[in-house]
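Structure first, commentary second.
The figures here come from the full heavy-atom set of this structure, side chains too, leaving out hydrogens, waters and symmetry mates. Reminder, nothing fancy here: chain letters follow the sequence lines and each chain counts from 1.
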Amino acid sequence: MIHKNTIQHSLYAAAAILILALTGIFGNFATRTVIGESITSSTVLLVLAVGGVGYFMANRAEGLVAKVANGLTGSLIVSVGLALLMLLESAVDLTFVFVYLKRFPLGEELLFGQELIPGVLLFLAIAAVMGVLAGVLSCSSRRIQNTLVMSAAVMAATGLLVNQVNSVIALPDALAVAAAFIMGYATLFIRITDKIVYRMGIGFLAGLAVGFALGGFIAWGWLLDPNDLPRILSLAVENGIFFLVVFGTLGAAGAIFAVAPANSHNGALYVPLVLVVLGLTNGKRSMTPDQALIVFVLVALVTWFMPVLSRRANHQYEQLARPQQRGTRQLSSIFAVAVLLVLPIFAGQYITSVLDLVLMYIIMGIGLNVMIGYAGLLDLGYVAAFAIGAYTVGLLMSPSLLTCGGVHPNDINPDQIQQVCTGVMTFWQAWPFAILTSGMVGVLLGIPVLRLRGDYLAIVTLGFGEIIRLLALSNDLKPLLGAAQGISPIPTPLIDLRSIGINFNESLGNSISIYYLFIAGVMLAAFIVARLASTRLGRAWRSMRADEDVAQAMGIHLVRTKLLAFGISSAFAGMGGAIFGSWLQGIFPNSFTLLVSINVVSLIIIGGLGSIPGAVVGSLILIGLPEVLRELQDYRLLAFGALLVVAMLLKPDGLLPPPVRKLSEMFSEHRTKHQPEVSHE
Amino acid sequence: MLRKIVLVMGVFAIAALGLSLVSAQDTMGSSVMVSPDGEIVIGVAAALSGEGLAPLGEDIVRGAQLANINRPTVKIGDVEFAVSLDPQDDTCAAEGGQAVANRYVSDERVVAVVGPMCSSACRAAGPIFDAAGYTSISPSCTAPDLTDGTFASFNRVVPTDAFQGVVDAEFVFNTLGITRIATIHDGSPYGEGLVTVMAEAFTELGGEVVFQDAVNVGDTDFRALLDRVADADPELVFFVGFIAEGSRLASQRFDAGLDEVAFMGADGIFSPDFISTAGEAAEGVYVSSPTPSSEIYDAFVAAYVEEFGVEEPSGPYHANAADAYNVILNAIEAVGTVDDNGDLVIDRAALSEAIRATTDYEGLIGTITCEENGECASAAITIYQVMDGAFVLASETMESE
Amino acid sequence: MTDSQSHDAAPQPGTVDMITTTLLKNTLYNPLRLAGGLLLFLLVYVAVTNIASGNYTLEAFVRQSITGLAQGGIYALIALGYTLVYGILLMINFAHGEVFMAGAYVGFFAINAMEQSGMLADHTFLALLITLMVGVVASVTIALLLERIAYRPLRGAPRLVPLITAIGASITLQQLFLRLFGPDPRVYPRVNLYILPGIFRDLECAEVSGAQVCKGLDLIDGLYRVDVLGMNLRIRPVFFLVAFFAIVLMIALWFFVQRTKTGKAMRAVAEDKNAAALMGINVDRVIATTFVLGAALAGAGAVLFALYNQQVTPFMGFVPGIKAFTAAVLGGIGNIPGAMLGGFFLGIVESTGPALLGISSQLKDVIAFGLLVLILIFRPTGIFGEVLAEKKA
Amino acid sequence: MSEIILEARRVTKRFGGLTAVGKMDLQVPRGAIASLIGPNGAGKTTFFNCVTGFYNPEEGEILFEGRPIKGLRPDQITQRGITRTYQNIRLFSGLTTLENILVGMHTRLTANPVESIIGTPRMKREERAALEEAMQLVEFVGLSGMEDLLAENLPYGLQRRLEVARALASRPRLLLLDEPTAGMNPQETDAMMRFIRRLRDELDLTIFLIEHDMRLVMNVSDQVSVMDYGKKISEGTPAEVQRDPKVITAYLGSGPEDEELLEDSEVAES
C-alpha cells in the first residue's frame, strides 16, 4: 500500500528539513506574521515541510487509502525527525556547533507553548492530521488541487509581501480598473465581427461606460468623498476626458485579450487580480484573516475558471484570419508595453528600483546571450565590460584626469574646475563612448583567447573580470580610477529639450525616471540582438556554437565572427554599466565582483540559452525575487543557490528555451502577403 | 507598417500623458501622520549579511533596539506614540544603500532612518533621501566628504575619518613615540579613506610612512605581504579594515618576523570577535574607536549584554546607533504636533532642521551638538589596547575641538 | 616508411635548430605571440631591474617562495580534484572549493572536541590523524552528495547546465554552512607536534627537574630562524609539510590512476563513457570514485591549511577554489602532474610576484591571471595539457 | 580530358613521426566524378582535410583552378569554391534544415551586421532571396516538408542529403564527399548513387569522393585513385584500377598493426 520509495524519499526530505531546522530557520521567521497575529512565516514553513512532503508522497500512490497512508507516512517521518531533534536539543547543548539554535531554539517554535513531552505529542498529532489532509487533497481532481494549492500559495505570498509592496494602488482604483477591464473582456459575447479593430472599438465603449458610470457616481457624491479620491479616480475630477480615455483603453485591452493566445490571455487576466489583491492590502503592515480569506477566494475563482476561459480565448484566436491574429499579437504586446510604461508610477520607488536592477540585468543577459547562447563562448568575466562601461561614463561625466587634460582634479582650484575640465560630458555624450569603449575592450580581450575553447575560455574570462576589478581597486591607478573610493559623484542623466523649443528639462535622478532609460536600453538591446540573431551573423554564431570546424568550412570567418560576438556582447554590458553608474551616482570597485558575472550567466541559462524572453524571466526570478524577498533575510543567498540547482534539475533547457524558428512558415506567410505587391511593382 | 507606427505612437502618447498627469499629482508627502494607535517607524539600515560585516551591522541594530526598549514612545504634550524599528540590510555597499533608501522612501510611514552603515552606502542613499525630504543619522559612516554639504539629509553621530585618522596619527607619533609606520587597508572605501588621512597626518607630524599596501578581502594568506612589510622595517603596522582580514594579519605577522612591531587597527576591528579570532596574536594590538568610556556607557553595555544574551557587544557602533535613535526622537518631540483628530503630524523639513539644531544632548558617546553640515559627533576617539584578551584603555579619550 | 622517399628533400636541420627556428618563427609571425612575448620580456626586465637595484633581494625571494610553496601545495591539492573531475566529466566542479571548506569545518569540530578532552595534548599525532580523517570523510561525503544530487541527473545535459548547478551548489553549501555554524570564524587550536628530538637536539629545550630535555622540531606551530648561505630565513616546518604532503599525494594519485584497475577504469571512462560501459565498467561507480579521490585530497589539504592558518569560515573555500581551478588550467586541465605544477607555480608567483615587480600586493591576482593568459597564448591547452584537451575541446 | 580543376603536387602531411599523406600527386578534371579509395587508414580523409584547409600540409602544392590554395584557411577555401561533407555527418545541431542550408550560403550573402540591425531593404531582399533558394535546395535534395525540423531530428539518410544541400548552398564548383554512403543500406546507396550523378549533371559540379562501397565507386566514377599508406598507388578508370595488382594487394594483403591507430588519430584530429 505504501509506495516502495515513500519511506526512502521521506527520509531524504526529513534530512534536508532537519538541516534547515538546525539553521534556526523556524525561530528566525517566527516573528514575521503572515496572516493576522497567529500565522507566521514559520507556520507557513512548517506546513510546507510537513504537509508538503505528505502531499508529495501521497501524489504517487493510487486510491484514497493508499494516498492517505503515503501522505501520513511522509508527514510523520518528517515530523518525527523534527521531534527527535527537539528532544535532543533539550537533552544536549547543541549551540556550540549550531550557533543559531542558541537564539532560536527549535522547541520554542514547534512545541506550541507546551511542555516538552505534551508539546512533542501535539506536534506529531498535528503533523499526522496534515498528512491525512494531504492524502485527501491529492485524491481530489487535478483542477481542485491546482486551485487550492495556487490560492494557498498566493495567500501566503501576499501575506509575506504585504510589508514590502506598499502604497501601490488603492482599493477603489484597483476595483475600477478591474471593472473596466472585465467589461471590455465581457464584450467577447457580442459577436458582431471578427475584425480586431471593431472588437477593440466595442471594448473601448464598454470601458467608457464604466468610466462614465464611475465619473457620474463620483460627481454626484454617491461613491466616495470627492475631496479624498485615490490616484486614478481623482482624474475624474481633474481631467474628465483623460479619465474616460484611460477607462476606454482598459476596456479595449480587455476586448483584445479575450481573444488572445492562451499565454498572453492568462497573463493579462492575472493583472486585474493582482491589482485587486494589492488594493486590498494597500497601506497595511500585515494581512488580516478576512483579507486573507478574500484573497484566497479571489485567486481560487480565477484559477478555477482560468482553464475554461483560456481555452475559449485560444480557440477564438485560432479562428481568426492570419492578419487578424498578427494584429491581436501586436496589440497585446503594445498593451503590455503600455502597462510597463505606467508601472513605476504606481509601484513606487522601491519596487521600481528593484525593477531597474532587473532591467539592467536583462540588458546584460541579452548581451551575454550573444556570447554564450549564440556563439557558444563561455564567458565568466562579463563584469569586466560592465565595469568598463560604468567607469567610462564616470570618468567622462565628472572632473577626472581624462576630462581635465591630464591634471588631477584635486590639484585644481575648485573655482577653476569649470574652466580647466572642459572635457566633462553629459550623459548622452558619454554613453556612446562607454558602449564603444566596452565593445572595443571586449574585442581586445577577445583577441588573446581566440584559440581557447570551452573551459579554458571560462577561466581566462573569469580572470579578466577579476583583473579589471583589481586594477580599478588598486592604489597604483588611484589618480585615474580613484581606487577604493571609486568615482563620485556622477551627475544623473539630464533630458533638456529646451534648446529645440520644447519646454522639458528633467533630470533622470531617481529610480522612477531612470526606469525609462533602462526600458529603452532593454528594448534597444532586444531589438538589435533579435535582428542579428535571425540574420546572417546570428546563423554564423549559432553554427559556430554547434561545430566550430564545420562552421569554418562553410566559409565563416571564425576570428571576425568571434570578435564580433565579444564586441557586441561587451557593448551591451557597457551600456548597462553606464546607466548603472549614473543611476548610483557613483562608482565603487566593489560593485564589480564575480557574483555579477555569475548572476548574468545563471539568469540566461535558467531562462533558456539564446532566448530573449528567457533573459527577462531569468532576471525576474534571479534578481527581482531575492530583492523583493528581503523577508528571507540571510536565507536569500541560500535560496538563490538552491534555486539554481533545482531549476537546472527540473528544466535543464531553461524555463523559456528559444522556439525553433519556423522559417518556411514565415516564408509562405510573407509570400502570400507580398505577392500582389511584387506584381504591382 | 504605417498603421503599426501610428499605433505605437498612440500608446506612447497615452502613456506619456498619463505619466505627466499622474506624476504631477504625485508629490512626496512632506509630512508624516501617525494615528494614536499607530506607530512611528524608524528605519535602521546596516549590513546584516557578509563575512565580518554582519556582526557590526547586528551591533548597530541592537544598539537601536536597546534604545527603543529604553524609550519606546514619543511624548507630544501628554499624548504618547509608540515607536517601532524597521531594520534593513544595506550590505555595506552602494547598491545596498540605494536599495534600502528606496525601500524607506517608498514607505511613507518611515519617519527617519538610523544608518546606513558604510560610507559607500551613505553616499548612494544620500541623493534618494534628499529627493524625498527624508533625514538620516548614520552611526558609522565616517568618510570625511559626506558632510561637505552635498547631502541635506545626511547627519552622523560618529567622528569623521578626518578626525580619527589625525587622532590615530597623534597617538602613534606622540604617545607611542613611533616615527616609522607601515599602513595596510582592505580596499574598502572606509579602509582606504582612513589610511590616507592617517598617513597624511602622520607625515605632517614628522613621521615616515615606510610602506603602504592593501589586501584583498577574502584572501587568507597575507604572509608575503607581511614579509614585504618586515623588509621595510617599520615600528608599527597600521591596518584599517574589518575583523576577518584584521585577525589574519595580526596572526600571520609573527610568521613574517614582525614580533617586535606594534600592530594597530581602527574601529572596524573593535569587536570581541577580533580578539577571539586572532587569539593570542591579538595581545598588545592597539585599536582606535569612537566608543567612549563613561559610566552611562558602561551601564548601556551592561543592559545590552543582559538583553541580547551575549558576552559583549559584537561591534563598536551600538552606542552611536542608540544616540542616533535618541536624537531623532528628541527632534520628533520638538517638531511633532497633534492635530484635531488626535493624529501626530511630523513635518519632514522641520524634523530635518530640528536634528541639525540639536545642541548639548548628553548621549552615550558624549555631548552631541550638530553642525550645519550634519556633523553631530562632538564625540571622541578612544584608543584601546588588547590586554589579556580584553580591550583596555590605552590613552585618554581625545575630544574634538 | 617514408624515409626512403625523403632523399630529394632539403636536408633536415638539427632538432635543436628546428625547435628554436620554429619557435622564433611562430612567435615573430604571430602578432599576438609577439605582443605576449614583449609583455613577458617587460615583466622580466622590471623584475631584473628591481633585483639589480637592490630593491629585491634573493633572501626576500627565498622567504616569499617558502610561504608560496605552502599556499601552492594547498592549491595543488584542490586543483587535483578539479583536474580529476574535469578529466572524466569535462565539467568544472565549481563547488570543489566548498568541499575543501567542509573538510576544514568538520575537522574543526573534531579537533576542538579532542582539545577539550585533552587528547590533543596527550596524543597529538593520533589526534591530528583523526582530525585529518574526519576532514577527509566530511569532504568525501559532501562530494558524494553533490555528485548524486546535483550532477548525476544531468549527465546527458548540455555542458553549461552542470556548470550552473555547480555554481548553485557552491553558493548553497557556503550559505548552509554559514547558517548552520555561524558567521564567526572558528579557530583551530595551535598544535605543537614535536618530532625527531634526536636530530634537532637544540630545539625546544627546557629544564625538567634539573635535566635538559629537548622535544625536537615543532612540525605544526614551530617557527625557526635559520641562517642558510648568509640568508636569514624564518622557517615554519609546516610549510614544507604541506608541500611534501601535496607531492606525495600527487604521486600516489598518479600511481593509482596509472597502475590500478580502478585507475584504468577511470581513464577508460574519461576516454569514452559509452564504450567503457560496454566493456563492463560501472561508469557511475567510477565517477563517484573520482569525486571521492578529489574530495579526499581537498579534505586533507583543508585540515592542513586550517592547522597553520587557524581560521575557518564558510567563505574560505571560494577564493582558493578559483585559484586552484586556475592552477589546473595552467598546468593543462585533466593532467595530474600539470595540476600539481600549476598549483605550486601559482602559489610562488602570487607570493613573490608583487614584491618582485614592485607593485601593490592587491595586484597579485592580476599577476596570476595575467600569467595564465600569457601562458595560454603560447600553449592554448596549458603547460602539460596537450593530449586530452585537444581531443575533447 | 578537359581542364584540371584540382591539382595536388607532392602533398605531404605528417603527424609527429607518422606520415599520413606522403608526396601525393593527384589531378581532378573539371566536370568529372573522381573517387579516392583505399583501405582504412590510407590517408584519404587526411588528404581531404589538406585540400579543404583543415590541415596545412608540410610540403607540396595544392592548386584549385590553377591558383594555389595551400595554407589558406578553410573559410577562404570555401570562398574559392570548394565545399565538403563529412564521413560522420556533422550538421549544426540546434539549427533547422533551412537554417543549416542558410549557413551554407554564408559566403554568398553580403549583409553586414549594421545592415542587419537597421533592416535595410537590400538586406531584406537578400535574406528573402536566400530563403527562396534554400527552399529550392530543400526541394532538390528531397527534404520538402521538413524545412523546420531540427537537423538532429532528421532520419539518418536525410541528414546526409541535408549535408549535401548545405554544401551546395555555397554554390561550389568542386564538391568533396567523404563516404557519402557510410551506414546506408543498398537501396539508400542506390538512391545516393543516382543523386550524385544528378548533382554533376544538373548543377554542373565536379565531384571528388571518398568511398568504400566499390559498387558505387565503379558505377559512378570517371576516375578512381587508390591510396595506401599515405601514397597514391594507382589511378585510372574504374576498369583499369580494378585490374591493378597493387590495388588488389593493398586490399587483400594484411596491413601493419598500427593501421587502426592511424585511423583513430585521424578521427581524433578532425
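Neither the backbone nor the side chain of L450(A) comes within less than 4.5 Å of any heavy atom in chain C. For chain C, the nearby part of L452(A) is the side chain; its heavy atoms alone come within less than 4.5 Å. Contacts of F177(C) with chain A are absent, with no heavy-atom separation under 4.5 Å from either backbone or side chain. Looking at L22(A), both its backbone and its side chain come within 4.5 Å of chain C, counting heavy atoms on both sides. With a 4.5 Å cut-off on non-hydrogen atoms, A647(A) does not touch chain C at all. Heavy atoms of F464(A) lying under 4.5 Å from chain C belong exclusively to its side chain. The contact between D476(A) and chain C is made entirely by side chain atoms (from C-beta outward), counting heavy-atom distances below 4.5 Å. The contact between L176(C) and chain A is made by backbone and side chain atoms together, counting heavy-atom distances below 4.5 Å. Heavy-atom distances place no part of V449(A) under 4.5 Å from chain C, backbone and side chain included. Only the side chain of I605(A) comes within contact range of chain C, with heavy atoms under 4.5 Å apart. Contacts between F181(C) and chain A at a heavy-atom distance below 4.5 Å involve backbone atoms as well as side-chain atoms. Contact of L160(C) with chain A is made through backbone and side chain together, with heavy-atom distances under 4.5 Å. Proximity to chain C is limited to the side chain of I598(A), based on heavy atoms less than 4.5 angstrom apart. Contacts between I164(C) and chain A at a heavy-atom distance below 4.5 Å involve backbone atoms as well as side-chain atoms. Neither the backbone nor the side chain of L622(A) comes within less than 4.5 Å of any heavy atom in chain C. With a 4.5 Å cut-off on non-hydrogen atoms, L178(C) touches chain A through its backbone but not through its side chain. Proximity to chain C (any heavy atom under 4.5 Å) is restricted, for L594(A), to the side chain, taken from C-beta onward.
When all heavy atoms of P652(A) and V161(C) are compared, the pair lying nearest together is O-CG2, 3.2 Å. In this structure, A642(A) and T172(C) approach most closely via the heavy-atom pair N-OG1, 3.2 Å. Nearest approach of Q362(C) to L470(A), heavy atoms of both residues: O-CD2, 3.8 Å. Across every non-hydrogen atom of L154(C) and M648(A), the tightest pair is CD2-O, 3.6 Å. Nearest heavy atoms, I92(C) versus A458(A): CD1-CB, 4.3 Å. In terms of heavy atoms, I322(C) sits closest to I459(A) at O-CD1, 4.3 Å.
Note on V97(A), L609(A), N475(A), I19(A): by heavy-atom pairs under 4.5 Å with chain C, the leading option is V97(A). Annotation: maximal heavy-atom pairing with chain A below 4.5 Å, among I171(C), L180(C), I377(C), I149(C), occurs at L180(C). Each of I447(A), V645(A), V460(A) has some count of heavy-atom pairs under 4.5 Å with chain C, and the biggest count is that of V645(A).
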T23(A) vs Q175(C), side-chain contact (heavy atoms from CB on, under 4.5 Å): CA-CA, chis, key distance, verdict: CA-CA 10 Å; T23(A) 67; Q175(C) 293 295 317; over 6 Å; no
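Note that R179(C) lies outside the cation-pi zone of F98(A), set by a 6.0 Å cut-off to the ring centre and a 45° limit from the axis.
The distance from the CG atom of L462(A) to the CZ atom of F94(C) is 5.5 Å, given to the nearest 0.5 Å. Going from atom CG of L363(C) over to atom CD1 of I467(A) covers 10.0 Å, rounded to the nearest 0.5 Å.
In the displayed structure, R148(C) atom CZ is contacted under 6.0 Å by at most 12 heavy atoms of other residues, nucleotides or ligands.
A 4.5 Å side-chain heavy-atom check between V99(A) and R186(C) finds at least one atom pair inside the cut-off.
The closest donor-acceptor contact from the side chain of Y456(A) to the backbone of I333(C) lies under 3.5 Å.
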